[in-house]
Structure formats: structure tokens, C-alpha cells
Amino acid sequence: MQINIAVCDDERNICAQVESMLTEILSEISTEYNIDVFESGESLCNEMKRTEYDLIFLDIELPNMNGVDIGRYIREELKNEIVQIAYISAKEGYAMELFEYRPINFLVKPLDKEKLKRVIQKYLIISEQDNHMFSYKKSQEFYKIPLSEILYFEGRGRKVSVTANGMEDEFYDSIENVYQKVKQHKFLFIHKSTIVNYKHIKKMGYEEVTMIDNKKFSISQSRRKAIRAMLLEIKKGER
């Protein structure tokens, strides 16, 4: 699992300090990560139109667009309830004002490694509880589907369609990126444009699979050996 983190503070030295401490913490727990740094609320909000973050460390006392404004933008305009926000401030007393934006934590400066580590640990607990959901963005809104209900994904140009029990939808993403999100949950990348949920396979052949809705998909010749090996591993784990 990779954690995509944003750090937003108008003080460059605070950004550098937080980035350095987070790098140490995440390296110690052997977690893949990406950290983007922003020195204004406007630049963070602009980037969030095209980039999904898992966790944001957000200064409250930003000029022009402050941390409260950004929280409102994330929850109400982007309708993003997935990203976790850890507010940072030199002052206390913001608790009630921030409550409606559901922060994961409130950190008072000066920051130290232990404060940041507690936020990361809390995020990992929440993420573990939530990791049986697939989330995606569509028309500036975020959606979640239980992984257990998803039958398959199909790549269609710049879009991916998802078929689950009783629903179909599509969103902008790459099929490769989707696979990175679901590969630990018994999903098989059987073709350059197809990912199927092993749990919903009705019939498995060497060259094709039939899903429980009777949809058939070819298995790419180049992937057949790897898919067979993955199936053996899955079945071993079920014994």
C-alpha cells in the first residue's frame, strides 16, 4: 500500500521539517509513500482536482485561503470524505470550528516526530478498517464499492468501467492503476484491459474465464502462466 500525503504550510521550514520527519517515520515502518509539499491553500486545492491524497497535514493559519476554508472545499465542494486531514496550528482553541470537517487529528506547533507518528499510526488503523472498499472519483465526487461485490473492471481508453452486484459505472483512470489498488484482494489481471474478481468466477479455463453473470473474458496468452500460478497460490491459502 502506498500512502499519498500532502503537506501544506506557508512556512517553508515547517514544510521541510514535516516532510523530513514523515520520511523517517514511513521508512521505519517500511510503507511506500509519496509526499507533495504546498506553500499555499490555493495550490493544494488546484492539485486536488487531479490528484487523490490519502492524508493531508494542513496549516490553519494560511493567508488568503486558510485551513478551515480548505477543509470546507474538500468536504463540501469536492465532496471528498475519504482523505484524512490533520490540522496544524501554533494556537489551540480551534476544535469546534474544525469539527464539521472531521479531521483525523489537531497538532499544535512546535511539531515533533512522535506527534506525526501518532497521526500515521491512526491513519493506518483507519485504512486497515476501510481497505475492503474500492474508492474512485467521478465528476468531482468520490464513491465507494465493497470489493466483495465487484465482479470485474474493464479498461476503455482513458476510462475504466466497474461491474458489481446490481450496478455498473465508469470513471477516468487507468486499468493499471486500478489493479494496484485491488491486487491484494484476489483480483486477477487477465488481459491488458480486464481485471476479474476471483471470488466471482463461475468457470476458469486456461484461455478464458466465465463470470457469475455469464460474461466471458479471454486470458491473454502472455499472462496465462502467471494467472495459473496466482490461482495455485490463492487455492493454497484457502486450504
Side-chain angles (χ1 to χ4, degrees), residues 1-59 62 65 67 70-71 73-75 78-88 101-105 107 111-138 140-144 147 153 155 158 160 171-185 187 189 195:
M1 178 184 74
Q2 175 171 298
I3 306 177
N4 288 326
I5 298 173
V7 177
C8 185
D9 197 299
D10 61 324
E11 297 182 58
R12 189 168 294 179
N13 63 317
I14 296 293
C15 288
Q17 179 190 26
V18 172
E19 183 178 17
S20 176
M21 288 189 289
L22 287 173
T23 297
E24 287 182 25
I25 293 163
L26 293 163
S27 297
E28 286 169 5
I29 60 177
S30 300
T31 296
E32 292 183 26
Y33 62 91
N34 175 70
I35 302 173
D36 291 336
V37 172
F38 303 90
E39 293 181 19
S40 73
E42 293 87 343
S43 59
L44 170 61
C45 291
N46 285 333
E47 185 60 32
M48 287 193 72
K49 293 174 184 176
R50 53 183 174 268
T51 301
E52 289 184 42
Y53 290 105
D54 301 304
L55 178 60
I56 300 173
F57 288 88
L58 179 59
D59 183 27
L62 292 167
M65 191 177 193
I70 296 167
Y73 174 79
I74 291 170
R75 300 302 190 213
L78 293 183
K79 299 189 185 305
N80 186 339
E81 295 291 342
I82 297 170
V83 65
Q84 299 293 333
I85 303 170
Y87 278 110
I88 301 170
Y101 305 119
R102 300 167 287 286
I104 189 174
N105 213 325
L107 305 176
L111 298 175
D112 61 45
K113 188 175 172 181
E114 280 307 307
K115 289 179 182 177
L116 294 178
K117 191 171 185 178
R118 283 195 290 271
V119 174
I120 293 295
Q121 289 170 336
K122 187 173 181 180
Y123 168 77
L124 291 173
I125 291 170
I126 292 170
S127 178
E128 181 62 28
Q129 292 171 345
D130 204 34
N131 70 359
H132 298 305
M133 303 290 286
F134 177 78
S135 64
Y136 62 95
K137 182 180 179 183
K138 179 182 176 182
Q140 301 302 318
E141 295 189 3
F142 287 80
Y143 297 83
K144 287 185 178 183
L147 284 168
F153 296 94
R158 294 174 57 218
V160 174
F171 51 94
Y172 284 101
D173 206 341
S174 70
I175 196 76
E176 292 83 4
N177 190 43
V178 169
Y179 183 59
Q180 292 304 312
K181 295 178 181 179
V182 302
K183 65 181 181 179
Q184 301 299 323
H185 301 277
F187 281 79
F189 203 171
I195 299 167

> For Asp9, check side chain to side chain donor-acceptor pair (under 3.5 Å) against everything at least two apart and list the hits.
Lys109

> So which heavy atom on Met65 is nearest to which on Cys45, and how close?
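Scanning both residues completely, I find the closest heavy atoms to be CE-SG, 3.5 Å.
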
> How would you list, by chain and number, every residue that makes a salt bridge (Lys or Arg N to Asp or Glu O under 4.0 Å) with Glu28, sequence neighbours excluded?
Lys113

> Determine, stepwise, if the pair Ile74 / Val83 fulfils side chain to side chain contact (heavy atoms under 4.5 Å, CB included).
CA-CA 9 Å; Ile74 291 170; Val83 65; 3.6 Å; yes

> Hey, are the side chains of Ile70 and Ile56 touching, using non-hydrogen atoms and a 4.5 Å cut-off?
no

> I'd like to know whether Asn80 forms a side chain to side chain contact (heavy atoms under 4.5 Å, CB included) with Glu52, so could you lay out the CA-CA distance, the side-chain angles of the two residues, the decisive distance to 0.1 Å, and finally the verdict.
CA-CA 10 Å; Asn80 186 339; Glu52 289 184 42; 6.0 Å; no

> Any side-chain heavy-atom pair from Ile85 and Arg75 closer than 4.5 angstrom?
yes

> As a test of understanding, state which of Val119, Thr31, Leu116 forms a side chain to side chain contact (heavy atoms under 4.5 Å, CB included) with Ile25.
Leu116

> Return the CD1 to CE distance between Ile82 and Met133, rounded to the nearest 0.5 Å.
8.5 Å

> Could you work out, with salt bridge (Lys or Arg N to Asp or Glu O under 4.0 Å) as the rule, every residue matching Lys137, not counting sequence neighbours?
none

> Taking side chain to side chain donor-acceptor pair (under 3.5 Å) as the definition, give me every residue that meets it alongside Thr23, ordered by chain and number, with sequence neighbours left out.
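Thr23: no side chain to side chain donor-acceptor pair (under 3.5 Å) contacts found.
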
> For Ser27 and Tyr33, which heavy atoms make the closest approach, and how far apart are they?
OG-OH, 3.7 Å

> The criterion is side chain to side chain contact (heavy atoms under 4.5 Å, CB included); which residues satisfy it with Asn46, sequence neighbours excluded?
Lys49

> Using the test side chain to side chain contact (heavy atoms under 4.5 Å, CB included), find all partners of Glu114 that sit at least two apart in sequence or belong to another chain.
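Partners of Glu114 under the side chain to side chain contact (heavy atoms under 4.5 Å, CB included) test: Asp112, Lys117, Arg118.
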
> Mind checking what makes ring pair (Phe, Tyr, Trp, His ring centres under 6.0 Å) contact with Phe189, not counting sequence neighbours?
Tyr179

> About how many Å separate CG of Leu26 and CD1 of Ile120, when rounded to the nearest 0.5 Å?
4.5 Å

> Can you give me the closest heavy-atom contact between Leu78 and Phe142, atom names plus distance?
O-CD1, 3.9 Å

> Taking only residues two or more places apart in sequence or in another chain, which ones pass salt bridge (Lys or Arg N to Asp or Glu O under 4.0 Å) with Asp54?
none

> Do Thr51 and Asn4 pass the side chain to side chain contact (heavy atoms under 4.5 Å, CB included) test, and can you show the C-alpha distance, the side-chain angles, and the key distance before you say yes or no?
CA-CA 9 Å; Thr51 301; Asn4 288 326; 5.8 Å; no

> Can you list the residues that meet the side chain to side chain contact (heavy atoms under 4.5 Å, CB included) rule with Gln84, with sequence neighbours excluded?
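Side chain to side chain contact (heavy atoms under 4.5 Å, CB included) check on Gln84 returns Leu55, Ile104, Tyr123, Ile126.
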
> Within this structure, what is the CD-CD1 distance for the pair Glu24 and Ile29, rounded to the nearest 0.5 Å?
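Atom-to-atom, Glu24:CD and Ile29:CD1 are 12.5 Å apart.
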
> Could you point out which residue of Gln184, Lys183, Glu176 forms a side-chain hydrogen bond (donor to acceptor under 3.5 Å, both in side chains) with Gln180?
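Exactly one option meets the side-chain hydrogen bond (donor to acceptor under 3.5 Å, both in side chains) with Gln180, and it is Lys183.
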
> Under 4.5 Å between any side-chain heavy atoms of Phe153 and Val182, yes or no?
yes

> Using the side chain to side chain contact (heavy atoms under 4.5 Å, CB included) rule, take Tyr143 and Glu141 through it: C-alpha gap first, then chi angles, then the decisive distance, then the call.
CA-CA 7 Å; Tyr143 297 83; Glu141 295 189 3; 3.4 Å; yes

> Would you say Leu22 and Ile5 make side-chain contact, with heavy atoms under 4.5 Å?
yes

> I'd like to check the salt bridge (Lys or Arg N to Asp or Glu O under 4.0 Å) partners of Arg50; sequence neighbours left out, ordered by chain and number.
Glu47

> What residues form a ring pair (Phe, Tyr, Trp, His ring centres under 6.0 Å) with Phe171, not counting sequence neighbours?
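Only Phe134, Tyr136 meet the ring pair (Phe, Tyr, Trp, His ring centres under 6.0 Å) criterion with Phe171.
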
> Considering non-hydrogen atoms only, spot the tightest contact between Ile175 and Val160 and give its length.
N-CG2, 3.8 Å

> Please tabulate, for the side chains in residues 36-44, all donor-acceptor contacts under 3.5 angstrom to protein atoms that are two or more places apart in sequence or on a different chain.
residue: Asp36; atom: OD1; partner: Asn34; partner atom: ND2; Å: 3.4
residue: Asp36; atom: OD2; partner: Tyr53; partner atom: OH; Å: 2.6
residue: Glu39; atom: OE1; partner: Arg12; partner atom: NH2; Å: 3.4
residue: Glu39; atom: OE2; partner: Arg12; partner atom: NE; Å: 2.9
residue: Ser40; atom: OG; partner: Ser43; partner atom: N; Å: 3.2
residue: Ser40; atom: OG; partner: Ser43; partner atom: OG; Å: 2.9
residue: Ser43; atom: OG; partner: Ser40; partner atom: O; Å: 2.9

> Minimum heavy-atom separation for Val7 to Cys15, with atom names?
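Scanning both residues, the minimum pair turns out to be CG1-CA, 4.2 Å.
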
